[in-house]
Every structure is written in structure tokens, then in C-alpha cells.
Amino acid sequence: MRSVLVVVTRQIGDVLLTTPLVHEARKLWPGAAIDVLGFDGTLGMLSGNPDVRQLLGIPHGESLLDKLKLIRRLWRRYDLALVADPGDRAHLLGLVAAPRRTGILPAQSSSNWWKRLVLSHAVRAAGDLGGQHVITEKLGLLAPWQPPGQDFDTRLVAPLGEPLPLALRERLAHGYVVMHTPSMFPYKQWPLAHFRELAARLAAAGRQVVLTGGPADNDRACVAGMEGAAADDLLVDAGLLNFNQLTTLLQGAALYVGPDTSVSHLAAACGTQVLVIFGPTNPQRWAPWPSRSTQVVKFERRAPSQSVGRVTILQSSLPCVPCGKAGCEDRRQSRADCLPDIKPERVAQAALALLAR
């Protein structure tokens with residue numbers, strides 16, 4: 001292969017979880033030009049990635065003229081397209097870009113028939129309650145070229161670290177805890193009141209708490225809602241750091257605490273000790289991947305607390321957990337009763353135990 005396109009038109013966390021696939025493609029074809037195509041605003045997770053030649057960003061919603069320009073830009077430019085997203089758009093982009101394609105198919109979809117026709121190798125997604133992690137699922141796209149008896153390297157590749165702003169760097173205390181409070185959707189959002197109590201408990205234990213968040217309005221609102229929770233020990237960073245600087249912040253932390261979100265995956269990739277609060281999501285599919293795991297690891301689908309490497313996951317004991325749905329109403333704006341059920345004192349106890357190590 002002289003040129004390979006990896007298509008990952010999903011969210012930020014999905015882009016990061018594609019890095020083992022990109023790295024293994026680089027090992028298979030050391031001289032190939034490997035590009036990654038994704039949505040604008042998500043590809044920062046690959047900034048400085050040594051395995052990638054070029055990042056190709058596209059808007060979430062294109063006009064007809066933009067689509068035609070993109071087709072012209074991609075048309076048969078690559079030898080192989082690795083379609084790491086089961087969506088229709090991703091498969092169509094792969095079809096345009098390369099004469100040979102491997103791709104992931106949804107667990108159930110009426111469009112699977114035509115996708116199979118245009119793929120030389122297909123990987124069927126396990127579904128939200130499946131037992132295979134999405135990282136190993138993506139690596140399955142390279143199965144036709146996998147040497148017999150050789151396992152793929154599953155390690156994530158975090159963005160290269162960059163220096164923190166001086167004003168923040170001078171205020172950081174040794175042993176600080178990074179806390180990420182926002183979630184993209186309500187059904188993944190641990191209550192802000194719980195986060196406030198957790199921050200207060202950590203501060204009372206002598207730990208400096210640093211809040212992170214993106215530039216989106218929801219992120220800024222969540223961070224602003226933490227004001228006063230831990231007096232002067234609560235440092236705020238909402239949208240001020242890029243992914244490379246965030247990598248540096250996470251690598252210096254004694255502990256990271258957050259929900260089921262992209263920054264939790266990044267913290268695990270950085271080798272930070274991670275405590276993640278999971279709601280409806282199945283950890284076997286979406287648990288943050290331990291940074292030093294070069295081979296497949298296995299999370300339990302359901303456990304009040306479980307640790308793999310430096311990643312610890314807390315779940316509710318409600319009998320419906322994990323449902324694998326978008327909350328109790330199975331829609332993005334739904335509530336998830338399992339998240340408020342995870343009390344802040346329980347999370348604080350787990351956090352302090354990890355810090356004591």
C-alpha cells in the first residue's frame with residue numbers, strides 16, 4: 001500500500017480510539033502515506049501523531065457544492081480506505097477515496113447489504129451490549145494483512161504534550177487532581193451537585209482540584225457551576241487548553257476523575273490514574289483503555305467497581321445497568337437514573353483510596 005485513508009467521522013473520543021488502528025497500519029506499510037478523515041474539531045486528538053501524514057477535516061453539514069468538492073478532492077486518491085465508522089457517510093467516503101476498502105458494519109442496519117458489496121473485508125460491530133471493545137473491533141479491519149500468530153498492538157497514541165500556559169503552570173500544586181465535569185449528552189452527565197460534593201471532599205483531604213472542559217456552551221456552564229465548591233483549591237480551565245496542552249496537564253496529575261467522555265479516554269491514554277463514572281454504557285465496549293496494555297484486556301460488563309491497569313470504573317448497582325441505551329428514554333436528551341445513584345461519598349472514597357497508592 002502506498003497510500004491509506006482512515007475514515008472516522010464520529011466524535012472526539014472515537015478519533016482517539018482509532019490510533020491503534022493507525023499505528024498498526026503504519027507498521028504493516030512503513031512507507032505508506034496515511035491520512036485520517038474526520039469532522040472539523042475532532043482531529044485535534046491526532047495533533048502531532050507520528051503515524052499520520054495529513055488530517056483531513058470536513059464540516060458536519062456540507063452544502064451540495066462542498067460535497068462535490070470533497071468527492072473531487074478524494075476521488076481514487078488512495079490505495080486503501082479503512083472505514084472505522086459504521087455510518088453510511090463514512091462508507092460512501094471510503095468508496096470515493098479508494099478502489100479497495102475494509103469497513104465496520106453496524107450490528108443491525110438495512111444498509112448493510114450494499115456496504116458488504118463494496119467492501120473487500122467487513123467487520124460486524126458487536127453492538128452496544130457486545131463483549132468486544134471498539135479498539136479491537138477497529139483493529140479487525142487489518143485482519144487480511146495480519147501475520148499468522150501475531151497479535152496487534154492495542155496501545156493508544158495520545159497527542160504530543162505542549163507546555164501549559166504560564167499562569168496555570170505556576171498555580172499547580174504537586175499531587176493535583178483533574179476533574180472533568182461536562183458530558184456531551186444528559187444521559188451521560190453525573191449530577192453537578194455530586195461533582196461539587198466530590199470536589200469539596202478532595203479539597204478537604206488536601207488535594208488541589210483542576211477543572212477541565214471544552215469551549216462549548218454546555219462545558220462552560222458545567223465548569224461555571226462548580227464555582228465555590230472547593231474554595232481557592234479549585235482551578236478552572238474551560239476551553240483554554242488545546243489537546244496537546246491537556247495531555248501535559250493530565251500526565252502531571254495524580255488522579256483524573258470524570259464521566260463516560262472523550263477526556264476520560266485521553267486521560268487513560270496518558271497513563272494517568274483514572275476513575276470513571278459509568279452510567280448506561282457498557283464498559284466492555286467503551287471503557288477507557290489502559291495506556292500500557294499492548295494486548296487485549298477484558299472489562300466486566302457489570303461490576304460496582306472494577307480496575308484494569310490504571311483505569312477504575314464505577315457503576316450503579318441498579319439491576320438495569322448497563323442497558324446500552326441512550327438513557328432511560330433511549331434518546332440523547334434523556335435522563336439516566338443510574339448516574340445519580342452513584343453517590344459522591346462513594347466516588348470520593350474510591351478516589352482517596354487510589355491517591356493513597
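Since the model is a prediction, treat every value here as computed from it, not as a measurement. Keep in mind that the numbers below use all heavy atoms, side chains included, and drop hydrogens, waters and symmetry copies.
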Practice problem: Say whether, by atom type as modelled, one donor and one acceptor occur between the side chain of Arg220 and the main chain of Pro215 under 3.5 angstrom. | Solution: yes

Exercise. Decide side-chain contact (heavy atoms from CB on, under 4.5 Å) for Trp289 and Val311; before the verdict, give the C-alpha distance in whole Å, the side-chain angles of both, and the deciding distance to 0.1 Å.
Key: CA-CA 8 Å; Trp289 197 260; Val311 174; over 6 Å; no

Self-check item: Exercise: identify the closest heavy-atom pair between Leu119 and Gly103
Solution: CD2-N, 3.6 Å

Self-check item: Side chains of Tyr176 and Leu235 in contact at under 4.5 Å (non-hydrogen atoms)
Solution: no

Self-check item: salt bridge (charged side-chain N to carboxylate O under 4.0 Å, His left out) assessment of Asp51 paired with Lys27
Solution: CA-CA 9 Å; Asp51 298 318; Lys27 288 166 61 177; over 6 Å; no

Quiz prompt | Atom of Cys222, atom of Thr181 and distance for their closest heavy-atom approach | solution = CB-OG1, 3.7 Å

Exercise. Report yes if the side chains of Phe278 and Val321 come closer than 4.5 Å at any heavy-atom pair, otherwise no.
Key: no

Exercise. Grab the two heavy atoms, one from Pro283 and one from Pro322, that are nearest each other, plus how far apart they are.
Key: CD-CG, 4.4 Å

Quiz prompt | Closest non-hydrogen atom pair between Leu352 and Leu202, with its separation | solution = CD2-CD2, 4.0 Å

Quiz item: So, do Pro165 and Leu241 sit near enough that their side-chain heavy atoms are less than 4.5 Å apart?
Solution: yes

Quiz prompt | Residues, nucleotides or ligands: over 12 heavy atoms within 6.0 Å of Gln108 CD | solution = no

Practice problem: Just jot down the side chain to side chain contact (heavy atoms under 4.5 Å, CB included) partners of Ala269, sequence neighbours excluded, or say none. | Solution: Leu16, Leu156, Ala158

Quiz item: Would you say the side chain of Ser264 lies within less than 4.5 Å of the side chain of His180, judging by non-hydrogen atoms?
Solution: no

Self-check item: Residues Ile58, Leu93; criterion side-chain contact (heavy atoms from CB on, under 4.5 Å); working and verdict
Solution: CA-CA 11 Å; Ile58 60 174; Leu93 290 171; 4.1 Å; yes

Quiz prompt | Check: His133 and Val296 side chains under 4.5 Å, non-hydrogen atoms | solution = no

Exercise. Measure the CG-CD distance between Leu266 and Gln251 for me, rounded to the nearest 0.5 Å.
Key: 8.5 Å

Quiz item: Please walk me through it: do Val22 and Val36 pass side-chain contact (heavy atoms from CB on, under 4.5 Å)?
Solution: CA-CA 9 Å; Val22 176; Val36 178; 4.3 Å; yes

Practice problem: Kindly check if the number of other-residue, nucleotide or ligand heavy atoms within 6.0 Å of CD (Gln146) is above 12? | Solution: yes

Quiz item: Can you check whether Ser183's main-chain N or O pairs, donor with acceptor, with Asn218's side chain at less than 3.5 Å?
Solution: yes

Quiz item: Mind checking what makes salt bridge (charged side-chain N to carboxylate O under 4.0 Å, His left out) contact with Lys325, not counting sequence neighbours?
Solution: none

Quiz item: Of the non-hydrogen atoms in Phe39 and Thr9, which two are nearest, and what is the gap between them?
Solution: CE1-O, 3.2 Å

Quiz item: Between Gly57 and Arg73, which heavy-atom pair has the shortest distance, and what is it?
Solution: O-NH1, 4.4 Å

Quiz item: Quick one: are Phe243 and Ser47 in side-chain contact, heavy atoms under 4.5 Å?
Solution: no

Quiz prompt | Thr212 side chain near Leu250 side chain, heavy-atom distance below 4.5 Å | solution = no

Self-check item: Atom pair OG1 (Thr312) and CD1 (Ile277), whose distance is rounded to the nearest 0.5 Å
Solution: 12.0 Å

Quiz item: Taking only residues at least two apart or on different chains, which pairs with a member in residues 343-352 satisfy salt bridge (charged side-chain N to carboxylate O under 4.0 Å, His left out)?
Solution: none

Exercise. Starting from Leu160, walk the hydrophobic network (Ile, Leu, Val, Met, Phe, Trp, Tyr; side-chain heavy atoms closer than 4.5 Å) and list everyone else you reach, by chain and number.
Key: none

Quiz prompt | 4.5 Å side-chain heavy-atom contact, Leu172 and Leu164 | solution = yes

Quiz prompt | Residue pairs fulfilling salt bridge (charged side-chain N to carboxylate O under 4.0 Å, His left out) with at least one residue in residues 301-320, sequence neighbours excluded | solution = none

Self-check item: Leu166: hydrophobic cluster co-members (side-chain, 4.5 Å)
Solution: none

Quiz item: What is the distance from atom CG of Asp260 to atom OG1 of Thr281, rounded to the nearest 0.5 Å?
Solution: 4.0 Å

Exercise. State whether the number of non-hydrogen atoms from other residues, nucleotides or ligands found under 6.0 Å of Arg76 atom CZ is greater than 12.
Key: yes

Exercise. Say whether, by atom type as modelled, one donor and one acceptor occur between the side chain of Arg196 and the main chain of Gly225 under 3.5 angstrom.
Key: yes

Quiz prompt | Separation between CD1 of Ile104 and NE2 of His121, rounded to the nearest 0.5 Å | solution = 9.5 Å

Quiz item: Rounded to the nearest 0.5 Å, how far apart are CG of Leu355 and CG of Leu275?
Solution: 9.0 Å

Quiz item: Between CG of Asp79 and CZ of Arg101, what distance do you get to the nearest 0.5 Å?
Solution: 12.5 Å

Quiz prompt | Chi angles and distances behind the side-chain contact (heavy atoms from CB on, under 4.5 Å) call for Val347, Trp190 | solution = CA-CA 11 Å; Val347 181; Trp190 199 47; 3.6 Å; yes

